[in-house]
Every structure is written in C-alpha cells, then in structure tokens.
Amino acid sequence: PMVVASWQHNEDVNFYGKIVTGFKSGGFNGVATAESQFEVPFNPETMTTYEVGMKSRWADNSVQINVALFHNSYDDLQVNNFVPDALGIIITNAAEATMYGGELEVIAKPNENWDLMFNAAFLDTEYDNYSKTDATTGLTADISDQREFQHSPESQFSASAKYTFAPTSLGVLSARVDYSWTDDQFVRSEPQESLNVEAYGIINARITLNEMPVGNGSMMLSAWAKNLADEEYWINAIALTPSAWNTAQWADPRSYGVE
C-alpha cells in the first residue's frame, strides 16, 4: 500500500510526501552445509519507506531541479551470505535495519544546442539489530556493529553533457560525454577488506549522426566508447577460504563500437 500527498506551490514547483510499505517473500535456501539447514526457512522481509521531495522548473522551463529525502525501515531484512563450504549463497534475516539518504537531480537546457545533467545521491545504512546464534553454544548475540550493507555506497555522482550541432544535408550530428563516480562499498555483510570495492569513476562518450537521408527514409549511425580511462575495478567478489583464496568479477575494460 502507498499513501501520497502533494502541494502545488505554483505552476513550476511541486512538493510531495509519500509512505509506502512492501514485502519480499520468504523461502528456503537451495544450498546448505548440513541437511537440517534445508528445513530452516528465511522469513519474509518487510519495509516501510517515508519520502519527501520537490519537483521544480526554473528559468522558463530551461532548468529542472528535483530533490528527494527518504527513510527506509526494514524488518527481517534478507541478507545474502556466501558460504565457501557450500559454494553458494545462503539467505539469512537481519532483525532490523535502517537506510536513509537523499537525491538531487538537475537537468538544464540553456539553449537549443546543449543538454546538461547532474545527479547526486547520498546514503547511510545501519543494522539496528542483527541476531546470530552460535552453532556450538546455542547462544544468540546482537552482531549489528559487525555487519555492513552490501553494495550500498555512501555517495554517487553522475554528470553528462550533450551538444547537438545545426542540421546539415548529411543529418544532425551530436556529441555526448558522461561521467559517473561511485564511492567505496562493501561486497559482504561481514566486511572483508580484500573484497571491498574501492571508489571508481567511469567516462563514456558517444558521437551520433541522426536523420541521415537514405532513400525515402533515414538512418542513425553512432560511434561510442565506454570506460574511456580504462578504469580497473571489480563489481563483485567472494572469499573461497577465510584468509587466502578470493575470486572477483571484474568490470568491463575500455571498449569501442559502432552501431
């Protein structure tokens, strides 16, 4: 269910607030280190989201600014855990967790040639209660201060600039450059420094010739390049042994293409 309220300050500025609740179904793990573990289910995950924001247009609609602040509250958050002995992912539940942050989006078209965009996102996460039962003693303890959210960087930024040239008999030529930056992030809920993804920045570029006359129709031709700086980083990693053998899934290197 969702409840939304909005206030139209004027024809260019709108404020809103919403509350959303949802859930993710529970189930049984398909891998385990003991037969008895197949009989132990993981619980459904429930979440309540509170969000307030503003959507606005300025300077004769040439600039659009959107702002959002949110707070997510989780119960029985489902957490993926890689288990080397089982060579697979086992899902467990963290009792309570909180995520809050904000987003800023700015889109500008200062003239008919330029299209500009900037986006920033900030995130703070924490486990409020993460219970773990010791398999040997049977005792349960709160280990929330020993766990981190997976793949949840504290900050992310992106920007793009596109320039469209005046039309010619060959078509409409445009050039675009994109840059994105992602902060450090944890791969495992149980932090292991050798697996963490370090901050990285990516530059992409594209040149497009659109509306090229061909017979009775038209076509588009683009040349593109991704990861221009050939940034080396991985997007996921697992530890095959507690202290030595790790394996990582590296991101794509610099690439080029035409389409």
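Predicted model only: the values in this text are computed from it and were never measured.
Between Trp114 and Tyr163, the angle of the ring planes goes over 60°, which puts this pair in the perpendicular group of the 30/60° scheme.
Annotation for Leu221: atom CG counts as buried by contact number, over 12 foreign heavy atoms lying within 6.0 Å. Within a 6.0 Å sphere centred on CG of Asp60, heavy atoms belonging to other residues, nucleotides or ligands number 12 at most. Atom CD of Gln64 has more than 12 heavy atoms from other residues, nucleotides or ligands within 6.0 Å. The neighbour count for Lys226 NZ, taken as heavy atoms of other residues, nucleotides or ligands under 6.0 Å away, does not exceed 12. Counting non-hydrogen atoms of other residues, nucleotides and ligands closer than 6.0 Å to CD of Glu259 gives a total above 12. For Phe28, the CZ atom sits in a packed shell: over 12 heavy atoms of surrounding residues, nucleotides or ligands are nearer than 6.0 Å. Within 6.0 Å of atom CD in Gln8, more than 12 heavy atoms from other residues, nucleotides or ligands are found, so the atom counts as buried in its surroundings.
No side-chain heavy atom of Thr48 sits under 4.5 Å from any side-chain heavy atom of Val20. You'll find the side chain of His71 reaches within 4.5 Å of the side chain of Tyr50, heavy atoms only. Within the 4.5 Å cutoff, the side chain of Arg176 has heavy atoms near those of the Ser160 side chain. Within the 4.5 Å cutoff, side-chain heavy atoms of Thr164 are placed close to those of Val172. Residues Tyr74 and Glu45 form a side-chain contact, since some pair of their non-hydrogen atoms from C-beta on lies under 4.5 Å apart. Taking the side chain as every heavy atom from C-beta outward, Val79 and Gln150 approach each other to under 4.5 Å.
Arg147 forms a cation-pi arrangement with Tyr130, by the criterion of a distance under 6.0 Å to the ring centre and an angle within 45° of the ring axis.
In the hydrophobic cluster analysis, where Ile, Leu, Val, Met, Phe, Trp and Tyr join through side-chain heavy atoms closer than 4.5 angstrom, Val106 is grouped together with Met54. In the hydrophobic clustering of ILVMFWY residues, with side-chain heavy atoms under 4.5 Å counting as a link, Leu104 and Met99 come out apart.
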Open item on the list: Go through it in stages, so that I can follow the logic: the residues are Lys109 and Ile107, the test is side chain to side chain contact (heavy atoms under 4.5 Å, CB included), and I'd like the CA-CA distance, side-chain angles, deciding distance and then a yes or no.
Closed with: CA-CA 7 Å; Lys109 191 173 181 62; Ile107 302 173; over 6 Å; no
Task: Evaluation steps, side chain to side chain contact (heavy atoms under 4.5 Å, CB included), between Lys162 and Ser174 - done: CA-CA 7 Å; Lys162 177 183 177 182; Ser174 64; 3.9 Å; yes
Task: Evaluation steps, side chain to side chain contact (heavy atoms under 4.5 Å, CB included), between Glu231 and Tyr200 - done: CA-CA 7 Å; Glu231 182 82 7; Tyr200 59 89; 3.7 Å; yes
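A salt bridge does not link Asp12 to Arg57: none of the charged nitrogens lies less than 4.0 Å from a carboxylate oxygen. With respect to Arg254 and Glu232, no salt bridge is recorded, no charged nitrogen being found less than 4.0 Å from a carboxylate O.
Among the candidates Asn72, Thr49, Asp124, the single residue satisfying the side-chain hydrogen bond (donor to acceptor under 3.5 Å, both in side chains) test with Tyr100 is Asp124. The one candidate from Leu195, Val187, Val197 that meets the side-chain contact (heavy atoms from CB on, under 4.5 Å) condition with Asn236 is Val187.
A donor-acceptor pair under 3.5 Å is absent between the side-chain atoms of Thr98 and the main chain of Ser73, judged by distance alone. In this structure, the side chain of Gln78 engages the main chain of Ser25 through a donor-acceptor pair within 3.5 Å.
Checked against a 6.0 Å centroid threshold, the rings of Phe157 and Tyr179 do not count as neighbours.
For the atom pair CD (Glu198) and OG1 (Thr182), the distance works out to 13.5 Å, reported to the nearest 0.5 Å.
The minimum heavy-atom distance linking Val13 with Ser56 is given by the pair CG2-CB, 3.9 Å. Ala68 and Glu51 make their closest contact through CB-OE2, 3.8 Å (heavy atoms, listed as atom of the first residue, atom of the second, distance).
The ring pair (Phe, Tyr, Trp, His ring centres under 6.0 Å) check on Trp58 picks up nothing, with sequence neighbours excluded.
Side-chain contact check for Asn129 and Ser144: no donor-acceptor pair (N or O, by modelled atom type) lies under 3.5 Å. Residues Ser222 and Thr208 bring a donor and an acceptor atom of their side chains to less than 3.5 Å of each other.
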